[in-house]
J.: 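First, the structure itself, so that you have it in front of you.
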Amino acid sequence: PRWVNSFRYGLTRIKEETAGLRTSNAVTFRFISDFNALTASSGRIVPTHNFVDDMSYTAGGHTLQFGTNIRRTRIPRFTNAVSFHTATTNGSWVSLVGRRYMPGRSTCTTPGCTAVPAVSPSFAAVWADSFIPLLGIVSQASARYNYNRDGSTLPNGVSVRREYGSNEYEFYLQDSWRLRPNLTITFGARYGVYSPPFETNGLQVSPSISLGEWFDQRGRNAAKGIPSNAIAPFTIDLAGPANGRKGFYAWDWNNWAPRASFAYSPQFSDGWLGWLTGNGKTVIRGGYSVVYDRIGQALATQFDAVGSFGLSTSLTSPFGVNNETNPAIRFVNINTLPPTLPAAPPGGFPQTPPIGFGVIASSIDDTITTPYTHSFNFVVGRELPGDLAVEVAYVGRRGKNLLIRRDIVPINNLVDPASGMDYYTAARLVIQAAAGIPSGAARSAYAGIANVPYWQNLFPDANLGLGLTATQEVARR
């Protein structure tokens, strides 16, 4: 028949579960194996509904094909990896980083300090990391809190549950044209549109601004000498279709994927071409195509693995507040946390990420477009005597718009408007100038370093009033 239609429906269902051993909060001893493995429980179900319809029409040397492939996926999953609090005996978290009572140090004034040999300064870190656990000083408490969409806090230990969905639509048209018995050309195009992933219950958040535009603006400002703190802070708010708002990123409607190929078998019966090709024993093939990636589900799962800002938070007790003599932070048992555990901050949206050292928040760039690949190949095959064959091929791939995970707030390459010098150039100059000065050298060793206008103009107070210029003080660091 000239017309043939094929319709297929398929359901692929994958279920995975991992039963972890952790069921409660825990106290750990740094650099010592846990009494019980603190492994998390997790699981997911991946049901994919696939609807495929292919239509083909044959006329003469042409075989025309067109059709569609539609996929619907909803993935419920759970994990308690971020559902428990933890505390540890961290020698670096107490005041004076665990060295207050180290023999030989001026702060060690108890009678026993002079009765034993002084600890070498090169061994100080090992002393602190051994002495603090030995005393049972539970110095660092880390809290994990998870929130519902309405801002209420999930009970401690309750698994975090999400269900991310995606819909994918693909359509194609191609023609396989047999020009000659030994030459066939195939060409066509595929069009795909893939929904951004979405959390079906509305447990989805995104920044109030475009992170891609924010990143570009930060770079433009730096080139003009404008620091990052001149950009207004952004907020994190509920997002996604379940909340009637925009998704992680916009739909990409430009996913056109052309493709073409040929297969040719030379038919030379004599001459050197006949000897070379074997009169039908050689085949030459080549092809080119554009292939688009499916990024939605993997991207959403990776982003949400450690909790979205506003829906999950991790807080640590303040550094250096307690010392070895505080009885409240002594070890009781492996499930009793010290009272220094931070309390849960208020929930609800919108939320503004705090500004300060050590604050890390993750999100998805809303300017993402679908990654794609140019694939191409050229193949020559030759049948040889003795049931042998040889084939030589060139296969290439070039990826475009590929995804990366990056820090969008690295050290800003701020330009000094007065001198025109940028941060990286200024930093390189002081590093080179101080390269021959040994670590721990006296302040006077840096007095001969020439001033760099960048540091003098932007950081004049870095001189500390101790005899060195701002440039020289920066070089000491």
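Side chains are part of it too, since the values below use all heavy atoms of this structure and drop only hydrogens, waters and symmetry mates. Along the sequence shown, residues carry numbers from 1.
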J.: Looking only at heavy atoms, what is the nearest atom pair of Phe309 and Phe349, with distance?
T.: O-CE2, 4.1 Å

J.: Decide whether Thr367 and Asp365 meet the rule of one side-chain donor and one side-chain acceptor closer than 3.5 Å.
T.: yes

J.: Rounded to the nearest 0.5 Å, what separates atom CD1 in Ile70 from atom CD in Glu168?
T.: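 Spacing of CD1 (Ile70) from CD (Glu168) equals 11.0 Å.
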
J.: Is it the case that the ring center of Tyr394 lies less than 6.0 angstrom away from the ring center of Phe378?
T.: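 Centroid distance Phe378-Tyr394: not below 6.0 Å, so no.
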
J.: Going by the angle between their ring planes, with limits at 30° and 60°, are Phe376 and Tyr288 parallel, tilted or perpendicular?
T.: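 Ring orientation of Phe376 relative to Tyr288: parallel.
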
J.: If I take atom CD1 from residue Ile368 and atom OH from residue Tyr249, how far apart are they, to the nearest 0.5 angstrom?
T.: 6.0 Å

J.: Say whether Asn167 and Arg72, considering side chains only, have a donor N or O and an acceptor N or O under 3.5 Å apart.
T.: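 No, because no side-chain N or O of Asn167 sits under 3.5 Å from a partner of the opposite role on Arg72.
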
J.: Would you say Ser6 and Arg8 are linked by a side-chain donor-acceptor pair, where the criterion is simply a distance under 3.5 Å?
T.: yes

J.: Whether the Thr86 and Arg22 side chains hold a donor-acceptor pair (N or O, under 3.5 Å, no angle test) is what I'd like checked.
T.: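 Looking only at side-chain atoms, Arg22 and Thr86 do form a donor-acceptor pair, the distance falling under 3.5 Å.
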
J.: Starting at OG1 of Thr28, measure out to CD of Gln140 and round the result to the nearest 0.5 Å.
T.: 8.5 Å

J.: Throw together a table of side-chain donor-acceptor distances under 3.5 angstrom for residues 36-45, partners on residues two or more places apart or in other chains.
T.:
{"unit_1": "Thr39", "atom_1": "OG1", "unit_2": "Leu21", "atom_2": "N", "d": "2.9"}
{"unit_1": "Ser41", "atom_1": "OG", "unit_2": "Gly20", "atom_2": "N", "d": "2.9"}
{"unit_1": "Arg44", "atom_1": "NE", "unit_2": "Glu16", "atom_2": "OE1", "d": "3.0"}

J.: OG1/Thr58 to CD/Gln65 distance, rounded to the nearest 0.5 angstrom?
T.: 8.5 Å

J.: Using a 4.5 Å cut-off on heavy atoms from C-beta on, say whether the side chain of Thr88 contacts that of Val27.
T.: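 Val27 vs Thr88: side chains apart.
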
J.: Evaluate Val46 against Arg13 for side-chain contact (heavy atoms from CB on, under 4.5 Å), listing each step before the verdict.
T.: CA-CA 5 Å; Val46 188; Arg13 187 177 188 272; over 6 Å; no

J.: Please round to the nearest 0.5 Å and tell me the distance separating atom CD of Gln174 and atom CZ of Phe187.
T.: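 Gln174 CD to Phe187 CZ: 9.5 Å, rounded to 0.5 Å.
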
J.: Are the side chains of Asn80 and Val160 in contact, using a 4.5 Å heavy-atom criterion?
T.: no

J.: Which pairs of donor and acceptor atoms, one on a side chain in residues 410-422, lie under 3.5 Å apart (sequence neighbours left out)?
T.:
{"unit_1": "Asn412", "atom_1": "ND2", "unit_2": "Ser228", "atom_2": "OG", "d": "3.2"}
{"unit_1": "Asn413", "atom_1": "OD1", "unit_2": "Tyr423", "atom_2": "N", "d": "3.2"}
{"unit_1": "Asn413", "atom_1": "OD1", "unit_2": "Tyr424", "atom_2": "N", "d": "3.1"}
{"unit_1": "Asp416", "atom_1": "OD1", "unit_2": "Ala418", "atom_2": "N", "d": "3.2"}
{"unit_1": "Asp416", "atom_1": "OD2", "unit_2": "Ser419", "atom_2": "N", "d": "3.2"}
{"unit_1": "Asp416", "atom_1": "OD2", "unit_2": "Ser419", "atom_2": "OG", "d": "2.6"}
{"unit_1": "Asp416", "atom_1": "OD2", "unit_2": "Asn457", "atom_2": "ND2", "d": "2.8"}
{"unit_1": "Ser419", "atom_1": "OG", "unit_2": "Met421", "atom_2": "N", "d": "3.3"}
{"unit_1": "Asp422", "atom_1": "OD1", "unit_2": "Tyr424", "atom_2": "N", "d": "3.1"}
{"unit_1": "Asp422", "atom_1": "OD1", "unit_2": "Thr425", "atom_2": "N", "d": "3.0"}
{"unit_1": "Asp422", "atom_1": "OD1", "unit_2": "Thr425", "atom_2": "OG1", "d": "3.2"}
{"unit_1": "Asp422", "atom_1": "OD2", "unit_2": "Thr425", "atom_2": "OG1", "d": "3.0"}

J.: Strictly distance-based, threshold 3.5 Å: is any side-chain N or O of Gln472 a donor or acceptor partner for the main-chain N or O of Ile449?
T.: yes

J.: Before giving the answer on side chain to side chain donor-acceptor pair (under 3.5 Å), spell out for Asn243 and Arg149 the whole-Å C-alpha distance, their side-chain angles and the decisive distance to 0.1 Å.
T.: CA-CA 10 Å; Asn243 294 306; Arg149 187 170 59 168; 2.8 Å; yes

J.: Rounded to the nearest 0.5 Å, what separation is found between the OH atom of Tyr172 and the OG1 atom of Thr68?
T.: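 Spacing of OH (Tyr172) from OG1 (Thr68) equals 9.0 Å.
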
J.: In terms of side-chain heavy atoms, does Ser312 have a donor or acceptor partner in Asn146 at a distance below 3.5 Å?
T.: yes

J.: Where do Ile295 and Leu403 land on the side-chain contact (heavy atoms from CB on, under 4.5 Å) test, with the steps shown first?
T.: CA-CA 9 Å; Ile295 61 173; Leu403 301 183; 3.9 Å; yes

J.: Using 4.0 Å as the upper bound for N to carboxylate O, is an ion pair formed by Glu170 and Arg190?
T.: yes

J.: Taking only residues two or more places apart in sequence or in another chain, which ones pass ring-ring contact (aromatic ring centres under 6.0 Å, His included) with Phe29?
T.: Phe331

J.: So, for His62 and Tyr57, is the gap between ring centers shorter than 6.0 Å?
T.: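 No; Tyr57 has its ring centre 6.0 Å or more from that of His62.
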
